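Working notes, structure below.
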Amino acid sequence: MFRLLITRVVLGLLTLFAISILIFAATEMLPGDVASAVLGQGATPETLAAFRLELGLDRPAYIRYLEWFTGVLQGDLGVSLTNKRDILESIAPRFGNTMFLAGFAALIAVPVSVGLGILAAINEGKWIDRVANIVSLATISVPEFFIAYVLILYFAVKHRWFPSLATVFPDMAFSTKLYVTALPAITLTLLVTAHMLRMTRSSVLAIMSQPYIEMAFLKGLPRARVIMRHALPNAAAPIIAVIALNLAYLIVGVVVIEVVFVYPGMGQYMVDGVTKRDLPVVQACGLVFASAFIILNTIADILGILVNPRLRKRNTGH
Amino acid sequence: MKIFGYKPTLSAWVGIFIVTFFLVLAIFAPWIAPYGEAETVGRTFGRSSAEFWLGNDNIGRDILSRIIYGARTTIGVALVTTILSFTIGTIAGLMAVVGGPVIDQILSRFVDIMLSIPLLVFALIVLSMFGSSIPTLIMTIAILDSTRVFRLARAVSMNIAVLEYVEVAKLRGEGLWWVMRKEILPNALPPMISEFGLRFCFNFLFVAGLSFLGLGIQPPLADWGGMVRDSGKAISFGLPAPLWPAMAIALMTIGVNLIVDWILSINARPSGASAEM
């Protein structure tokens with residue numbers, strides 16, 4: 001099992017490395033080069049040449065990649081093209097904000113969705129299962145901003161329980177911060193809960209068709225006990241994988257939600273960067289998002305390996 | 001009534017009705033819409049009235065007309081993207097199966113890397129360089145999405161490629177392209193059709209999402225995601241302006257999903273070629 005874990009971690013690192021190449025190489029695919037793409041048609045040859053020099057485009061691509069990559073490893077993400085600020089300094093507080101929002105949503109979403117998923121599986125075919133099924137299908141099919149605006153209209157405009165804009169400051173009290181971010185967090189929760197609930201339900205039900213579950217039923221155990229004692233431990237690995245995948249989705253799905261609620265997070269920063277065609281910012285944000293995604297997926301796999309009783313046994317020489 | 005020899009269920013009928021409704025809107029937009037696409041006809045954020053059924057948007061355009069015109073761009077772009085992504089993905093998937101282990105390894109590893117980071121991040125990086133015009137938008141999403149199609153096409157044709165009749169065709173001396181087109185593709189189609197619906201939904205939501213972020217279809221063209229963005233501020237005055245286009249997006253996705261569910265339930269029957277999918 002130890003070897004399996006090491007392989008997984010190495011694989012994760014390799015993927016990260018490959019992604020960094022891909023993100024960098026994307027800028028090299030341009031028909032002209034970055035300078036002419038960013039400055040557009042109206043640029044004079046002189047400004048173009050000066051901009052190329054500033055970007056270091058006179059040197060070969062692999063050298064620029066190595067510089068960029070070693071810079072990233074040392075925590076230097078470069079400077080923004082538009083306002084010349086250090087990107088790391090701009091990203092750090094925004095990354096914190098995004099993680100805060102995603103974490104807030106995850107804290108509500110994970111217990112609720114796993115609980116409801118198991119509940120739906122226990123009551124398969126009964127009304128609670130059907131309601132969960134229909135509601136989660138509906139939330140999956142609608143765009144994020146639809147849910148967000150409906151919540152704003154109802155909770156912020158009609159009833160004025162929550163603010164419609166999630167403006168946070170660094171020195172805000174924790175409780176105020178929770179209050180202000182409540183609506184975006186609820187929106188995110190609804191989004192991921194639907195996915196997690198459905199996948200939890202189906203992975204529990206997939207286990208339920210196994211022979212040893214039938215055996216447990218034939219022993220005369222009640223359904224709830226069979227699920228809690230026999231099915232759940234085996235369904236844990238897929239459920240954990242689903243949770244991690246959805247947490248990864250949370251961090252990215254946050255982009256649209258941040259724009260709706262004007263929340264100062266990474267997503268807004270990246271979208272701003274794209275609008276202004278600020279490539280270093282976009283690359284840095286892309287790399288951070290991708291890393292978060294890959295790290296969460298790797299953690300999911302590792303937990304999956306640790307939790308799976310069959311994989312654990314292989315180590316004890318069975 | 002039957003469609004392709006199968007009787008649609010009630011929910012399938014609802015789906016078919018919704019999708020047909022939007023398609024008719026899209027095709028006959030200039031004849032149905034009461035006002036022009038980019039015409040300022042009323043007050044900013046005017047309330048809904050007999051004149052403007054759904055009210056006006058941020059610069060006084062008629063929301064209903066823009067939703068009708070928006071059906072064209074939003075559904076059109078998503079549809080073209082999905083068709084393109086399926087063409088690329090299916091050809092690559094079949095190539096991986098028929099073309100031997102080296103091609104398979106190269107394509108599969110590349111797709112693995114592409115799948116390991118979220119589409120949105122990739123799309124944002126590409127759009128930041130190329131800017132967002134409709135052709136770039138379509139190409140970007142199609143190529144990114146084709147990685148998902150590749151996975152399925154490869155898995156489905158893997159199962160078919162080992163069957164006797166494919167072997168026979170190869171022994172007969174048929175070329176690679178012929179085997180792909182005549183032996184594998186027709187048998188891989190049933191599961192791919194329902195996947196087409198799902199990928200369409202995904203691309204549709206994706207285009208709408210990008211437009212909402214201001215990075216998709218650009219004004220003055222009407223499109224549902226962009227309309228939500230335009231009227232977003234109206235929500236704080238308690239006006240439902242951004243909800244109408246958002247609701248159109250939601251309805252369309254639900255409609256397609258209902259049809260896909262029905263197709264899946266047909267395929268799940270024992271006679272379906274996709275029973276093992």
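Since this is a predicted model, take the numbers as computed values, not measurements. Chain A is the first sequence line, chain B the second, and so forth, proteins listed ahead of strands; every chain is numbered from 1.
- Per-residue counts of heavy-atom pairs under 4.5 Å with chain A were compared for B:I113, B:D112, B:N257; the largest is that of B:I113.
- Highest contact tally toward chain A, considering only B:T253, B:L120, B:L243, B:I235, is held by B:I235 [criterion: heavy-atom pairs under 4.5 Å].
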Let me check something: any side-chain donor-acceptor pairs from residues 9-16 of chain A under 3.5 Å, sequence neighbours excluded? List them with distances.
| from | atom 1 | to | atom 2 | distance (Å) |
| --- | --- | --- | --- | --- |
| A:T15 | OG1 | A:L11 | O | 2.5 |

Open item on the list: Working note: B:L215 + A:T275, criterion side chain to side chain contact (heavy atoms under 4.5 Å, CB included); need CA distance, chi angles, decisive distance, verdict.
Closed with: CA-CA 7 Å; B:L215 307 168; A:T275 329; 4.0 Å; yes
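- Proximity to chain B (any heavy atom under 4.5 Å) is restricted, for A:F145, to the side chain, taken from C-beta onward.
- When heavy atoms are compared at a cutoff of 4.5 Å, B:M247 approaches chain A by way of both its backbone and its side chain.
- Of the residues considered (A:D278, A:V255, A:N297), A:V255 shows the highest number of contacts with chain B, using heavy-atom pairs under 4.5 Å.
- No more than 12 heavy atoms of other residues, nucleotides or ligands sit less than 6.0 Å from atom CZ of B:F110.
- Distance check: A:K276 NZ to B:S128 OG gives 13.5 Å after rounding to the nearest 0.5 Å.
- Both the backbone and the side chain of A:A290 come within less than 4.5 Å of a heavy atom of chain B.
- For chain B, the nearby parts of A:V150 are the backbone and the side chain; heavy atoms of each come within less than 4.5 Å.
- At most 12 heavy atoms of other shown residues, nucleotides or ligands fall within 6.0 angstrom of atom CZ in A:R85.
- Among pairs with a residue in residues 133-144 of chain A, none fulfils salt bridge (charged side-chain N to carboxylate O under 4.0 Å, His left out), at least two apart in sequence or across chains.
- A:F289 has its side chain out of reach of B:L124: every pair of non-hydrogen atoms, C-beta onward, lies at least 4.5 Å apart.
- Identified by a heavy-atom distance below 4.5 Å to chain A, contributing residues of residues 70-80 of chain B are lacking entirely.
- Contacts of A:V157 with chain B are made by side-chain atoms alone, with heavy-atom separations under 4.5 Å and no backbone atom involved.
- When the heavy atoms of residues 200-214 of chain B are compared with those of chain A, the residues falling under 4.5 Å are B:L205, B:A208, B:G209, B:F212, B:L213, listed by number.
- Chain A forms more heavy-atom pairs under 4.5 Å with one residue of B:L239, B:L127, B:I249 than with any other, namely B:I249.
- The contact between B:P242 and chain A is made entirely by side chain atoms (from C-beta outward), counting heavy-atom distances below 4.5 Å.
- For A:W68, the CH2 atom is densely surrounded, since the number of other residues' heavy atoms within 6.0 Å is greater than 12.
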